[in-house]
Amino acid sequence: MLALVDCNNFFVSCEKVFNPKLEGQPVVVLSNNDGVIVARSKEAKALGIPMGAPRFQCDDLLKKYQVVVLSSNFSLYSDMSQRVMQTIQSLGYDFEVYSVDEAFLSFEGDKKEQARFLSQAQEVREVILQWTGIPVSIGIAQTKTLCKAANYFAKQGDGKHVVLIAEEVRKEYLERLGLQEVWGIGSKSCERLKKKGIFTAWDLSACSDQFLRKELSVVGLRIAMELRGIPCLHVEEVRAPRKSISTARSFVQPLFLLDEIQAELARYTGRVCEDLRSEKSLASCISVWYEAKDAVVSANKAYDMRSSILQEPTASTSELISQAKALFTILYKGGLKYKKVGVLLSDLVPEEGFQQDLFSAPALSQERKKEAKKAKVMQVIDQLNAEFGAQTIRFAAEAVKSRCKRELCAWDELPIVSV
DNA sequence: TCTGGGGTCCTAGGACCC
DNA sequence: TCTGGGGTCCTAGGACCC
């Protein structure tokens, strides 16, 4: 059997751990630039505040019910996520970290041992709550997609927290699960299928394979199989290396000047490179892109991107910053109002034993030495930043301050503990 | 009038997830 | 006036090869 552990209202729960006064209050957490609502406490959900809604659209509701509105603190959430995952690990389960707030666990044993699975799940829940302060819900079933469904029911606020969908009750649950709640069925597919008379998870699972293949490709077929209790997705204990790493930000006010935008890009490049090195990967390709306002008026593109393939894969911040700046220089059009820019590293290869370019081999020893030297410098920078805090050492090209709006952080008030 | 068949690789765009 | 950020997978179509 599989189990899906899903943290309840994760970002809000993290905030509550450090500010217990928030308990019982309607709380929302905002995205970067305080733009949209990305997490809600159960009290905020009850007020009808929608997920993913632009904040300004909810201003009236937020004010009326005195909702506590917080800017996001992603480094905190990622730290708390690690604590939750470490707790699961210490309990000795085979598991897959699926997202910042979810993990799939394998429960050994015969599928008939329902009572045992339920009590195991209860224990997992209690230990996580006690050790980290984060409440979780757990869905247990034969397949990942059914676990997701079970988890949905576990979250329905009847104080259950743990739900097991056994074969005998599968139909009953799936008939109660709306199509839009099925994992992998998004709004587009949902609309299309409803027109064809498919409204519940059960309806979907009962469609012919041929129909599913045609309407939703192999993806839809897989979902239906999983809903029927036939596993198509397995628990991946070892995380596959990432295929791309990117950073992009929108600005509160559009930027115009080449220098300013390049400094931003350099900062993002610094970040992605740090990520890249912590993955122990090298990038073979770098891309830079922008989104602009009023581009139509100026007859320029509202979105554009340039990429360059690197001669040798690298994780050197200095090299990638100069590549990023060069790419943006090509893209840059004076007078455009840039509202967002981003950097993307792709074609990532493992740091160890990457395929070397046959034709560059003669020059390799020299190049190799240079590369090794650069890698050493990067390593020292990463160590210093890890020890003394992010951006203790950075490249001169990188913009110093974030241009993001985050007005609703109360973290400066936290006391500092000296050990 | 009749114009093969089988394959790979790349890219852009769509859809989805958290 | 103000609408986030970071990913993955799949498909279709074009170019190209033998």
Side-chain angles (χ1 to χ4, degrees), chain A residues 4-12 28-40 50-60 62 69 71-75 77-78 81 96-104 144-145 148 151-152 155 179-193 212-223 232-233 236 239-254 268 271-272 275-276 279 284-285 287 289 291 293-294 303-305 307 309 337 339-348 402-408:
Chain A
L4 172 64
V5 176
D6 190 336
C7 300
N8 300 345
N9 319 322
F10 185 54
F11 297 169
V12 173
V28 299
V29 174
L30 303 174
S31 66
N32 267 324
N33 281 330
D34 295 342
V36 308
I37 293 167
V38 292
R40 306 155 297 156
M51 177 68 171
R55 177 218 178 165
F56 72 93
Q57 279 177 8
C58 301
D59 273 345
D60 292 346
L62 296 176
V69 181
S71 295
S72 48
N73 184 339
F74 287 106
S75 33
Y77 310 148
S78 120
S81 172
E96 169 189 344
V97 177
Y98 174 68
S99 73
V100 70
D101 67 337
E102 287 165 285
F104 285 103
K144 282 186 168 179
T145 308
K148 274 275 182 183
N151 207 292
Y152 170 81
K155 280 200 162 60
L179 193 59
Q180 64 282 358
E181 313 299 344
V182 175
W183 190 38
I185 301 293
S187 58
K188 299 273 159 133
S189 306
C190 196
E191 286 316 303
R192 251 206 354 270
L193 292 169
L212 291 161
R213 186 75 175 74
K214 194 176 131 248
E215 289 294 322
L216 303 168
S217 82
V218 288
V219 181
L221 183 54
R222 218 149 41 200
I223 293 169
C232 301
L233 308 166
E236 316 275 352
R239 190 172 66 81
R242 278 192 279 178
K243 294 177 176 175
S244 66
I245 297 176
S246 69
T247 286
R249 290 284 178 278
S250 28
F251 312 125
V252 184
Q253 297 293 334
Y268 306 164
R271 286 181 51 138
V272 288
D275 253 27
L276 183 68
E279 283 265 316
S284 316
C285 179
S287 312
W289 55 271
E291 279 174 35
K293 245 176 109 172
D294 305 334
Y303 166 91
D304 208 355
M305 172 151 138
S307 307
I309 292 172
K337 297 178 187 170
K339 58 174 186 181
K340 186 173 185 177
V341 297
V343 182
L344 171 75
L345 303 181
S346 55
D347 292 359
L348 307 188
S402 160
R403 286 182 182 274
C404 285
K405 187 164 89 174
R406 282 171 81 210
E407 288 171 343
L408 304 154

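- One interatomic measurement links the two molecules: CD of A:Glu291 to C1' of C:dG5, which rounds to 11 Å at whole-angstrom precision.
- Listed here is the closest heavy atom pair of A:Asn151 and A:Leu4: ND2-O, 2.8 Å.
- Distances shown here put every side-chain N or O of A:Arg222 at or beyond 4.0 Å from the OP1 or OP2 atom of C:dC9.
- For the pair A:Leu345 CG and C:dG7 C1', the computed distance is 14 Å after rounding to whole Å.
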Distances under 3.5 Å only, N/O to N/O: pair up the protein atoms with those of nucleotides 15-18 of chain B.
unit_1	atom_1	unit_2	atom_2	d
B:dC16	OP1	A:Gly186	N	3.0
B:dC16	OP1	A:Gly186	O	3.4
B:dC16	OP1	A:Ser189	N	2.9
B:dC16	OP1	A:Ser189	OG	2.3
B:dC16	OP2	A:Lys188	N	3.1
B:dC16	O5'	A:Gly186	N	3.3
B:dC16	O3'	A:Gly184	O	3.4
B:dC17	OP1	A:Gly184	N	2.5
B:dC17	OP1	A:Ile185	N	3.2
B:dC17	O3'	A:Trp183	NE1	3.3
B:dC18	OP1	A:Lys148	NZ	2.3
B:dC18	OP1	A:Trp183	NE1	3.4
B:dC18	O3'	A:Ser99	OG	2.9
B:dC18	O3'	A:Asp101	OD1	3.0
B:dC18	O3'	A:Glu102	OE1	3.4

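- Atom CZ of A:Arg242 and atom C1' of C:dG5 are 13 Å apart (whole Å).
- By the 30° and 60° cut-offs, the orientation of the rings of A:Tyr77 relative to A:Phe11 is parallel.
- In this structure, A:Arg271 places its CZ atom where only 12 or fewer heavy-atom neighbours from other residues, nucleotides or ligands lie under 6.0 Å away.
- With a 4.5 Å cut-off on side-chain heavy atoms, A:Leu216 and A:Leu193 count as touching.
- Look at A:Lys144 and A:Glu236 and you find no salt bridge, because none of the NZ, NE, NH1 or NH2 atoms lies under 4.0 Å from a carboxylate O.
- When rounded to the nearest whole Å, the span between NZ of A:Lys243 and P of B:dT11 equals 15 Å.
- With values rounded to the nearest 0.5 angstrom, A:Leu276 atom CG is found 5.0 Å from A:Ile245 atom CD1.
- The separation between A:Leu344 atom CG and B:dT11 atom P is 13 Å, rounded to whole Å.
- Note on A:Leu30: nothing from the nucleic acid sits closer than 4.0 angstrom, heavy atoms only.
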Whenever both distances are under 3.5 Å in a Watson-Crick or G-U wobble pair, mark it; put DNA chain C into dot-bracket that way, with [ ] for crossing pairs and | when the partner is on another strand.
....||||||||||||||

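- Mapping A:Ser217 and A:Thr247 onto DNA chain C via the closest heavy atom, the residue that lands nearer the 5' end is A:Thr247.
- What separates NZ of A:Lys144 from C1' of C:dC9 is a distance of 14 Å, to the nearest Å.
- Of the C1' atoms belonging to B:dG4 and C:dC17, the separation is 14 Å, rounded to the nearest Å.
- In this structure, OG on A:Ser346 lies 12.5 Å from NZ on A:Lys243, to the nearest 0.5 angstrom.
- Here the OG atom belonging to A:Ser189 is positioned 8.5 Å from the CG atom belonging to A:Leu179, to the nearest 0.5 angstrom.
- At the heavy-atom level, A:Arg239 lies nowhere under 4.0 Å from the strands shown.
- Between atom OG of residue A:Ser287 and atom CG of residue A:Leu344 there is a gap of 4.5 Å, rounded to the nearest 0.5 Å.
- A:Val218 comes within 4.0 angstrom of the backbone, heavy atoms only, and of no base.
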Within the sub-3.5 Å range, which N or O atoms of nucleotides 1-4 of chain C have a protein N or O partner, and how far apart are they?
unit_1	atom_1	unit_2	atom_2	d
C:dG4	O4'	A:Ser31	OG	2.9

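- At a threshold of 4.5 Å between non-hydrogen side-chain atoms, the residues A:Asn32 and A:Arg249 count as touching.
- When all heavy atoms are compared, the tightest approach of A:Lys293 to A:Pro254 is CD-CG, 4.3 Å.
- Taken from CZ in A:Arg55 to CG in A:Asn33, the straight-line distance is 11.5 Å, to the nearest 0.5 Å.
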